[in-house]
Amino acid sequence: MPELPEVETTRRGIEPHIIEQQLERVTVRNGSLRWPVPKDLQSLLQGQEILEVGRRGKYLLLRFKAGTLLMHLGMSGSLRVVKATEAVGKHDHVDLTFVNGATLRLNDPRRFGAVLWAGNDPQDHELLSHLGPEPLSDEFDGEYMFQRSRKRSQAIKQFLMDSRVVVGVGNIYANEALFKAGIRPTKAAGKVTRKAYLRLADEVKLVLEKAIAQGGTTLKDFVGGDGKPGYFKQELLVYGRGGEPCAQCDAVLKEIRLGQRSTVYCPQCQK
DNA sequence: CAGCGCCCCTGCCCGC
DNA sequence: TGCGGGCAGGGGCGCT
């Protein structure tokens, strides 16, 4: 579920409910996530106020005076703000309950997500310190990709999904952006031209911005807790469409596996 | 170092 | 209806 746009949508959705709120207690029902949830969160955070709700790539950063709580939603995680009295459901693994009664509740069926303590300089945390630029920042552009990709034999799609190169481009958007840019996902990153990278970087920004804008329209529902937006599904041009005709040329879209991930492209439009 | 598979885990869908 | 296999929007890790 969570690609960068959804994590950003989550961030925007929870922020107004928890910013400047004082934490009353931490409830960990199942601390067995990607890494064990630290056991001392309660003592670290009790009485502390949330100063900022930030994001780095797909990580959410809840900043307190004492340090930063780092959260990742993995493949299946979601966060909702509920009343402290709301019935606990299956896979509701962690709650942060605030003095005002609001509760930030993490649900994660597959438990690939994470809740970790990162101290006062979260960007120095091991999981964040090697991350590439944000795709929507000026630091990320075609020239940057071109320079970083020289002599790389790896397929462009895997290069694009490497968080050390750029964060937040998941499988769906990698497929979509490569289609829009007319680049075949299997092409070696080092053989993609500067011109093609300029186009690709633009398309990455466009598709992410568009998805965030649409995620925004579902914010209310999201916080109200009624589940998942299916917002951009109908906008996808290749992802999940293997075997269907290309929207641009009518050729049959090909579906292959690249690095264990489903990859769809148009053999005509993407060279 | 670059690049590639593996794996963590549950749920769901499909074919038999 | 039950069961096995494959797949899922992430990404760290260990190996070559």
Starting at atom [atom1] of [X], determine the distance to atom [atom2] of [N], rounded to an integer number of angstrom.
X: A:Arg110; N: C:dG9; atom1: CZ; atom2: P; value: 9 Å
X: A:Lys58; N: C:dG11; atom1: NZ; atom2: C1'; value: 9 Å
X: A:Glu176; N: C:dG9; atom1: CD; atom2: P; value: 12 Å
X: A:Ile172; N: C:dA8; atom1: CD1; atom2: P; value: 11 Å
X: A:His91; N: C:dA8; atom1: NE2; atom2: P; value: 20 Å
X: A:Met161; N: C:dG11; atom1: CE; atom2: C1'; value: 9 Å
X: A:Trp35; N: C:dG11; atom1: CH2; atom2: P; value: 10 Å
X: A:Leu4; N: C:dG11; atom1: CG; atom2: C1'; value: 15 Å

Next on the checklist: With salt bridge (charged side-chain N to carboxylate O under 4.0 Å, His left out) as the rule and sequence neighbours excluded, what pairs involving residues 169-197 of chain A come up?
Outcome noted: A:Glu143-A:Arg194

Checklist entry - Where each pair must be Watson-Crick or G-U wobble with both distances under 3.5 Å, what dot-bracket representation of DNA chain C is obtained, with crossing pairs in [ ] and other-strand partners as |? => result .|||||||.|||||||

Next on the checklist: Test question: given the 4.5 Å side-chain rule for I, L, V, M, F, W and Y, name all other residues clustered with A:Leu128, or answer none.
Outcome noted: A:Trp35, A:Tyr59, A:Leu61, A:Leu70, A:Leu116, A:Leu127, A:Leu131, A:Val167

Under the 3.5 angstrom rule, does the side chain of [X] hit a backbone N or O of [Y] as a donor-acceptor pair?
X: A:Arg55; Y: A:Gly57; result: yes
X: A:Gln42; Y: A:Val26; result: yes
X: A:Asn100; Y: A:Ala102; result: yes
X: A:Gln46; Y: A:Arg25; result: no

salt_bridge([X], [Y]) N-O dist < 4.0 Å:
X: A:Arg80; Y: A:Glu86; answer: yes
X: A:Arg12; Y: A:Glu15; answer: no
X: A:Arg241; Y: A:Glu255; answer: no

Item to check | Within residues 142-156 of chain A: residues closer than 4.0 Å to DNA chain C (heavy atoms) | outcome: none

Checklist entry - Which of residues 252-263 of chain A have a heavy atom under 4.0 Å from DNA chain C? => result A:Arg257, A:Arg261, A:Ser262

Item to check | Nucleotide range of DNA chain B lying under 4.0 Å from chain A heavy atoms | outcome: B:dA2 to B:dG11

[N] and [M]: how far apart are their [atom1] atoms, nearest whole angstrom?
N: B:dC9; M: C:dC3; atom1: P; result: 22 Å
N: B:dC7; M: C:dG5; atom1: P; result: 16 Å
N: C:dG9; M: B:dG3; atom1: P; result: 22 Å

Scan [X] against the nucleic acid and name what it touches under 4.0 Å (heavy atoms): base, sugar-phosphate only, or nothing.
X: A:Leu127; value: sugar-phosphate
X: A:Phe159; value: nothing
X: A:Arg34; value: base

Item to check | 5'-most by nearest nucleotide on DNA chain C - A:Asn171 or A:Glu126 | outcome: A:Asn171

Around atom [atom1] of [X], are there more than 12 heavy atoms from other residues, nucleotides or ligands closer than 6.0 Å?
X: A:Lys271; atom1: NZ; result: yes
X: A:Lys205; atom1: NZ; result: yes
X: A:Asp124; atom1: CG; result: yes
X: A:Arg150; atom1: CZ; result: yes

Checklist entry - In this structure, which one of A:Thr68, A:Leu44, A:Asp40 forms a side chain to side chain contact (heavy atoms under 4.5 Å, CB included) with A:Trp117? => result A:Leu44

Checklist outcome for this item: side chain to side chain contact (heavy atoms under 4.5 Å, CB included) with A:Val264: of A:Leu236, A:Leu237, A:Asn171, A:Leu253, only one passes, and it is A:Leu253

Checklist entry - With respect to the phosphate group of C:dG11, does any side-chain polar atom (N or O) of A:His72 fall under 4.0 Å of OP1 or OP2? => result yes

Next on the checklist: Can you see if the side chain of A:Tyr239 gets near the phosphate of C:dG9 - specifically, an N or O under 4.0 Å from OP1 or OP2?
Outcome noted: yes

Checklist entry - Taking the six-membered ring for Trp, does A:Phe112 stack with C:dG11 (centroid gap under 5.5 Å, planes within less than 30°)? => result no

